Structures are given as structure tokens and as C-alpha cells.
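Quantities reported herein were computed from a predicted structural model and do not represent experimental measurements. Counting begins at 1 with the first residue of the sequence.
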Amino acid sequence: MAPNAAPTVASGQSPHEFLNPKSWKPAKGYANGVAARGRMVFLGGLIGWNGQQEFETDDFVGQVDQTLKNIVEVLAEGGAGPEHLVRMTWYVTDKRLYLDNLREIGAAYRRHLGKNFPAMALVQVVALVEDRAKVEIEATAVVPDEAA
């Protein structure tokens with residue numbers, strides 16, 4: 001495993017190699033790159049509604065929490081867990097809400113995904129297809145062949 005690899009929830013070690021050039025300052029809360037082999041699991045853009053496609057809150061942090069819970073549930077359907085995540089793209093309708101709530105978002109992230117920090121991007125968008133949605137997250141996971 002690479003020296004900058006983030007630990008996983010279950011084993012304390014990631015099955016993937018996290019890429020951070022030695023001359024670069026280490027990334028905090030995400031990875032600059034990830035190398036992985038195995039069965040790929042692709043998640044579409046998931047939002048902060050429940051499994052019945054109903055919003056339980058219009059609160060930004062509440063929707064992030066539900067979205068991360070949804071990610072874990074869909075990963076499990078593909079035989080994956082948070083430790084297998086290699087990429088996430090976050091789409092938010094208000095970057096200020098994101099930045100102003102980093103502590104609470106971090107707590108929700110760790111509650112659902114542990115200390116697994118894949119390559120990530122965050123983009124502010126004008127709107128999402130579901131009018132009440134404040135966040136949408138796409139993710140990719142790779143389950144190593146020996147774990148598949």
C-alpha cells in the first residue's frame with residue numbers, strides 16, 4: 001500500500017493505492033489519485049431522499065447525510081463497501097452552505113464512509129433535476145479481485 005493510503009472502516013487499510021507525489025503537500029479529506037484493480041461498481045448521481053424517493057429534510061447537512069447513507073446502501077448491493085471507493089464527484093447548489101457546514105458534513109461523512117478518502121471533486125451547479133435536492137454525488141468503487 002502507498003504511504004499516503006487512507007485506512008478503511010473494516011480493516012484499517014485500503015485495498016487501493018493512493019497517489020500523491022512526494023513533493024506535494026498531502027491532500028486532506030480526499031486523494032489526488034487512486035490506482036485500483038478489480039470489479040468496478042459505478043453509482044449514478046444519488047441525492048438526499050430516502051429509498052422511497054421522498055425528501056425527509058430540506059436541510060443541506062441532512063441531505064448530505066442521507067446521500068452518503070444511500071451511497072453505502074447501493075455499494076452494498078454491488079458487493080462493495082466504503083473502503084472500495086476510488087472516486088466521488090459532489091454537485092452542490094450552494095458552495096457557501098457546503099463550506100459553512102464542513103464540520104457537520106465531515107461528521108456525517110465519517111459516520112457513513114469512515115476514513116476512506118477517494119479522489120474527489122466538488123462542483124457548484126445552478127440546480128439539480130429534483131427541485132428540493134441540494135446535493136448530488138456520483139461515485140465509483142473497485143472491489144479487488146481477491147475480495148470479489
Please name the pair of heavy atoms, one in [X] and one in [Y], separated by the smallest distance, quoted to 0.1 Å.
X: Val41; Y: Ala80; value: CG2-CB, 4.4 Å
X: Pro144; Y: His84; value: CD-CD2, 3.5 Å
X: Thr67; Y: Ile47; value: OG1-C, 3.0 Å
X: Gly38; Y: Val142; value: N-CG1, 3.6 Å
X: Arg87; Y: Pro118; value: N-CB, 3.5 Å
X: Ala31; Y: Phe18; value: CB-CD2, 3.4 Å

Let me confirm one number: the [atom1]-[atom2] distance from [X] to [Y], rounded to the nearest 0.5 Å.
X: Glu138; Y: Tyr91; atom1: CD; atom2: OH; answer: 4.0 Å
X: Asp65; Y: His112; atom1: CG; atom2: NE2; answer: 3.5 Å
X: Phe117; Y: Arg110; atom1: CZ; atom2: CZ; answer: 7.0 Å
X: Leu128; Y: Lys134; atom1: CG; atom2: NZ; answer: 10.5 Å
X: Glu56; Y: Gln63; atom1: CD; atom2: CD; answer: 10.5 Å
X: Leu75; Y: Leu113; atom1: CG; atom2: CG; answer: 8.0 Å

Apply side chain to side chain donor-acceptor pair (under 3.5 Å) to [X] and list each qualifying residue two or more places apart in sequence or on a separate chain.
X: Thr93; result: none
X: Gln66; result: Asn70
X: Tyr98; result: none

Determine whether Glu73 and Glu77 satisfy the following criterion, side-chain contact (heavy atoms from CB on, under 4.5 Å), listing intermediate values before the conclusion. CA-CA 7 Å; Glu73 290 181 14; Glu77 285 295 310; over 6 Å; no

Solution key, residues 101-109 side-chain donor-acceptor pairs under 3.5 Å, sequence neighbours excluded:
from   : atom 1 : to     : atom 2 : distance (Å)
Asn101 : ND2    : Leu97  : O      : 2.7
Tyr109 : OH     : Asn116 : O      : 2.4

Using 4.0 Å as the upper bound for N to carboxylate O, is an ion pair formed by Asp58 and Arg132?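 Yes, this pair counts.
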
Answer yes or no: are there more than 12 heavy-atom neighbours, outside Arg111 itself, under 6.0 Å from its atom CZ?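 It does: Arg111 CZ has more than 12 such atoms within range.
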
Within a strict 4.5 Å, meaning less than it, do heavy atoms of the Ile71 and Met88 side chains meet?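 Result yes, sub-4.5 Å side-chain heavy-atom pair found.
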
Using only atom types and a distance under 3.5 Å, with no angle test, would you say the side chain of Glu17 pairs donor to acceptor with the backbone of Ala35?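 No.
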
Say whether Val92 and Leu99 are linked into one hydrophobic cluster, either directly or through other cluster members, by side-chain heavy-atom distances under 4.5 angstrom.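 Hydrophobic grouping puts Val92 with Leu99.
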
If you group Ile, Leu, Val, Met, Phe, Trp and Tyr by side-chain heavy-atom gaps below 4.5 Å, do Leu122 and Leu43 land in one group?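 Same hydrophobic cluster.
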
Out of Ile137, Leu68, Val74, which residue meets the side chain to side chain contact (heavy atoms under 4.5 Å, CB included) rule with Leu46?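 In the set Ile137, Leu68, Val74, the residue that makes a side chain to side chain contact (heavy atoms under 4.5 Å, CB included) with Leu46 is Val74.
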
Could you work out, with ring pair (Phe, Tyr, Trp, His ring centres under 6.0 Å) as the rule, every residue matching Phe60, not counting sequence neighbours?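 Phe60 satisfies ring pair (Phe, Tyr, Trp, His ring centres under 6.0 Å) with no residue once adjacent residues are dropped.
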
Non-neighbouring partners of Asp59 that pass salt bridge (charged side-chain N to carboxylate O under 4.0 Å, His left out), sequence neighbours left out: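 With neighbours one apart ignored, the set is empty.
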
